[in-house]
Amino acid sequence: MSKNLVIVESPAKAKTIEGFLGKDYTVKSSFGHVRDLSKDGLGVDVLSDFKPNYIISQDKKKIVSELKKMASAADIVWLASDEDREGEAISWHLIQALEIDEKKTRRIVFHEITKDAILNAIKNPRLLDKNLVDAQQARRVLDRLVGFELSPVLWRKVKPSLSAGRVQSVAVRLISEREKEIENFNIISSYKVVGDFIVNRDSKDYLLHAELNKKFEGSKEAESFLKKCVNASFSISNVETKPSKKSPSPPFTTSTLQQEASRKLGFSVAKTMLVAQQLYESGKITYMRTDSFNLSDMALTTAKNEIIASFGNEYQQTRKYTTKVKGAQEAHEAIRPTYISKHAIDGDVYQKRLYEMIWKRTIASQMSDALIEKTNVNIAVSTASEEFVAKGEVIKFDGFLKVYIESTDDDNEENGKGTLPEVFKGDTLNMQEISAIERFTLHPPRYTEATLVKKLEELGIGRPSTYAPTISTIQKRGYVVLGNREGKERSYSIYTLKNNKITSNNKTEIYGYEKAKLFPTDIGNLVNMFLMEHFSDILDYNFTASVEKEFDEIADGHKIWNNMIKEFYAPFKEKVKDIQKNSEKVSGEKLLGIEPESGKNVYVKLGRFGPVIQIGETDDVNKPRFAGLMKNQSMETITLSEALELFKLPRKVGIYQDKEIVATIGKFGPYLKFDNSFYSLPKADSPFTVTIERAIEVIIEKLEKDSKKLIKEFTENADVKVLNGRWGAYIAIGKENYKIPKDKNPEKLSLEECLKIAEQPKKPGKKVFRKGKK
DNA sequence: CAGTGAGCGAGCTTCCGCTTGACTT
């Protein structure tokens, strides 16, 4: 047993570091936190100074007992968890959980995984910072109290199994409020005017495309401007050229990596983290959960050499970036290739693409500015005061753009790319065509996973390790869904002046198509409304920032953590008690109108099983009638007539083979019921309108498909069947399924062979996550 | 696999941040 035990947080890190240290050092990993608050009740004794009740996490018992053994055998235990609040707490918890004599421990920290950094750390151990640990305890206890006090309020007042928390509830609020903004958004149209002009130089014609520096509110104004242009002359009134430059972005952090992978590669936030983890574990990139822009000196040097060798001296510029992010803890480096000299890697296509992006971004961050010349050409109209402006952009020196172009979230900039023909003040122009085109204002964009992460980071809410899980939580709770919006058609007018004639046209365009955006659900909106009404202080966008400030004071030793929690908890708990006692259950009930036949009220509300329409009163002798909303409907937007439609189901479609076909909607969407069997309706068909002919078609199709399902069965044993499934042939015995080996022909299998295959131990396959309940 | 919405009220759900591994459809 070696004399020195070093404990780090991540096993991949442990492996690397062990190589740097001699054989006197054993390096192990704790796999993150090893203890957490008990889930039995609050896990915090609110009556005795908020004493936390820590227990060793279930999945850490094995590693803790192993570490404990090694620690007691070692002379010195080096606590090398990350240098941030959580890392300090991990070290402290290790001392407690491993029951090590604190005198036997040394606390060391390093920000980069290089031999120098590690050896230097070993030479400069420090004491455990108990104040920082207390700041972490305050953070942990606060989150527990907020989460475990608020969630039960929701169970009673809204719906069981819901949840609330400092981070997730703000995420839901952002999405819910954005949707309201979009609903209330007024689309305003205006006319933008563009013109094509010809410049003649050295008996050659050049095209100059320009936009008027004014937009017109209505078609009248736009048309009258065009009229003025009919007999006007056009000349260059000004040419302005000014140099400008673009600088590269800093290297990736977790959140910028997620954003850029979403835009450039179309990865979900979870996918990005999964692939990054693979790259990290195979030693190809540095740690992927970081909020730091920092690059190690070694990385700076290799990047420098790499750029000079590949592109030349003039492309290289060493840069150090500092963070602007609220509450950044900077325990790690930025995300970069471990070996910058490696331009590409082996791996699957996702790994290759993500690596390439990281490599380019890292290299670009150490390259020189791009020098750009921007030109504005003004074109005067002899009969009007407005001017046309043509914008051009010429890259004089590409600098970092040689390697990396960052993408943006809004992609509606068109003007100002490319070269302009050479023109001079006073040149006269030949007008070809001027158009006034009706354009519309855009509502604020819905959040994508990645733009939500960006927003949360700006607000200082959540950490690199929690962005992806938070997004998954708010979807699991049913607060938000990832969805698409079909584009809608609208017409716009366009007036064109050509050959001294003004013509007008109506054209149509598709607008508002959106893909993979976050939409709030009815439950999400309702919960947000409820929390905003009663706990707006916790949902405040600045709540995290203000408690972070207090955590900092605790870390600095200016505040006692229990006191801070006490100040927060007393009024908070009062409020919780008050709401539990006095507040009504909320269902978001809304009167939609009156059913014409019965004169009864039609309500929409959130029922036990989701949004529902209710006709009649709950306390009436005649019980009310209910119908659930369809998946694409929402409580916010459903109309009375749509609501009444829902009661037309189940609908008798007609008779087929003397039996009735009924169309309705179930748990899994619209379906047909016929002869005690179920037939899912394809998306294009509606249970309200499907005809008997079409229904029969659907039924026959399904029956045909089913008949192909059975490949073989055995008279001797009815339990055993060879079936055709989604992934090809398989053997079904009772309720168990078995894979058929590739060298066997499914159609020629005998009963004995089937049973033999079933005997074989099943191969371990990939674990598939199952969504939803149970 | 697929209609639920009245209501005995058992016993359950839930937070944020660290970190990976997983044994059956």
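Per chain, numbering begins at 1; letters A, B, ... match sequence-line order. Just so we're clear, the structure is a prediction, and the values are computed from it rather than from any experiment.
Classification of the Tyr656(A)-Phe674(A) ring pair by plane angle, with boundaries at 30° and 60°, yields tilted. Ring planes of Tyr54(A) and Trp92(A): perpendicular class, angle over 60° (limits at 30 and 60°). Taking the six-membered ring where tryptophan is involved, the planes of His534(A) and Phe530(A) are perpendicular, since the angle between them exceeds 60° and thus also 30°.
Between the base of dT13(B) and the side chain of Ser161(A) there is a donor-acceptor pair shorter than 3.5 Å.
Across all strands shown, Thr473(A) has heavy atoms under 4.0 Å from sugar-phosphate atoms exclusively, and none from any base. Within 4.0 Å of Tyr287(A), counting heavy atoms only, lie sugar-phosphate atoms of the nucleic acid but no base atom. Nucleic acid contact for Arg477(A): sugar-phosphate only, since backbone atoms but no base atoms lie under 4.0 Å from a heavy atom of the residue. Residue contacts shown for Gly610(A) include a base, since a base heavy atom lies under 4.0 Å away. At the heavy-atom level, Val612(A) lies under 4.0 Å from base atoms of the strands shown. Using a 4.0 Å heavy-atom cutoff across all strands shown, Arg463(A) reaches sugar-phosphate atoms only and no base atom. Contact annotation for Leu162(A): backbone-only contact, meaning every heavy-atom pair under 4.0 Å involves sugar-phosphate atoms and none involves a base. In this structure, Asp59(A) reaches neither bases nor backbone, as no heavy-atom distance under 4.0 Å exists between it and the strands shown. Residue Gly165(A) is classed as a sugar-phosphate contact, given heavy-atom separations below 4.0 Å to backbone atoms only. Using a 4.0 Å heavy-atom distance criterion, Glu149(A) is classed as making no nucleic acid contact. As judged by a 4.0 angstrom heavy-atom cut-off over every strand, Thr466(A) is placed among the base-contacting residues. If you check every strand for non-hydrogen atoms under 4.0 Å, Pro11(A) touches sugar and phosphate atoms only. Counting any heavy atom pair closer than 4.0 Å across all strands shown, Gln136(A) reaches no nucleic acid atom. When heavy atoms are screened at a 4.0 angstrom cut-off, Arg139(A) is found touching base atoms of the nucleic acid.
Rounding to whole angstrom units, CD1 of residue Ile474(A) and C1' of dT14(B) are separated by 16 Å. The CG-C1' distance, from Leu37(A) to dC18(B), rounds to 14 Å in whole Å. Atom-to-atom, CD of Glu617(A) to C1' of dG5(B) comes out at 15 Å; the value is rounded to the nearest Å. Whole-Å rounding puts the Ile461(A) CD1 to dC16(B) P distance at 11 Å. We find that CG of Asp84(A) is positioned 13 Å from C1' of dT19(B), with the value rounded to whole Å. Rounded to a whole Å, the CD atom of Gln277(A) is 8 Å from the P atom of dG21(B). Whole-Å rounding puts the Leu154(A) CG to dC12(B) P distance at 20 Å. Lys157(A) places its NZ atom 20 Å from the P atom of dT14(B), with the value rounded to the nearest Å.
The pair Arg625(A)-Glu595(A) meets the salt-bridge criterion, with a side-chain N (NZ, NE, NH1 or NH2) lying under 4.0 Å from an Asp/Glu carboxylate O. Salt-bridge annotation for Arg463(A) and Glu86(A): absent, with no side-chain N of the basic residue lying under 4.0 Å from a carboxylate O of the acidic one. Here Lys575(A) does not pair with Glu149(A) in a salt bridge; the nearest charged N to carboxylate O distance is not below 4.0 Å.
No side-chain heavy atom of Tyr671(A) sits less than 4.5 Å from a side-chain heavy atom of Leu681(A).
Between the side chains of Tyr467(A) and Glu449(A), no donor N or O sits under 3.5 Å from an acceptor N or O.
OP1 or OP2 of dT13(B) has not a single side-chain nitrogen or oxygen of Ser151(A) nearer than 4.0 Å. When the side-chain nitrogen and oxygen atoms of Ser10(A) are compared with OP1 and OP2 of dT20(B), one or more of them lie within a distance under 4.0 Å. Remark: Arg289(A) is not in phosphate contact with dG17(B), judged by side-chain N or O atoms under 4.0 Å from OP1 or OP2. Side-chain nitrogen and oxygen atoms of Gln168(A) include at least one within less than 4.0 Å of the OP1 or OP2 phosphate oxygen of dC15(B). Considering only side-chain N and O atoms, Tyr679(A) lies nowhere under 4.0 angstrom from the phosphate OP1 or OP2 of dA2(B).
Relative to the side chain of Val167(A), the nucleotides dG21(B), dC18(B), dC16(B) differ in distance, and dC16(B) lies closest. The side chain of Phe626(A) sits closest to dG5(B) out of dT19(B), dG5(B), dC16(B). Checked against dT13(B), dT20(B), dG5(B), the side chain of Met288(A) finds its nearest nucleotide in dT20(B). Proximity note for Pro160(A) (side chain, C-beta onward) versus dT13(B), dA2(B), dG17(B): the nearest is dT13(B). Of the candidate nucleotides dC16(B), dA2(B), dC18(B), dC16(B) has the atom lying nearest to any side-chain atom of Asp36(A).
Both Ala627(A) and Pro464(A) lie close to DNA chain B; mapped to their nearest nucleotides by heavy-atom distance, the more 5′-ward contact belongs to Ala627(A).
Evaluation of Trp155(A) against the base of dT14(B) yields no stacking contact (centre distance < 5.5 Å, interplanar angle < 30° required).
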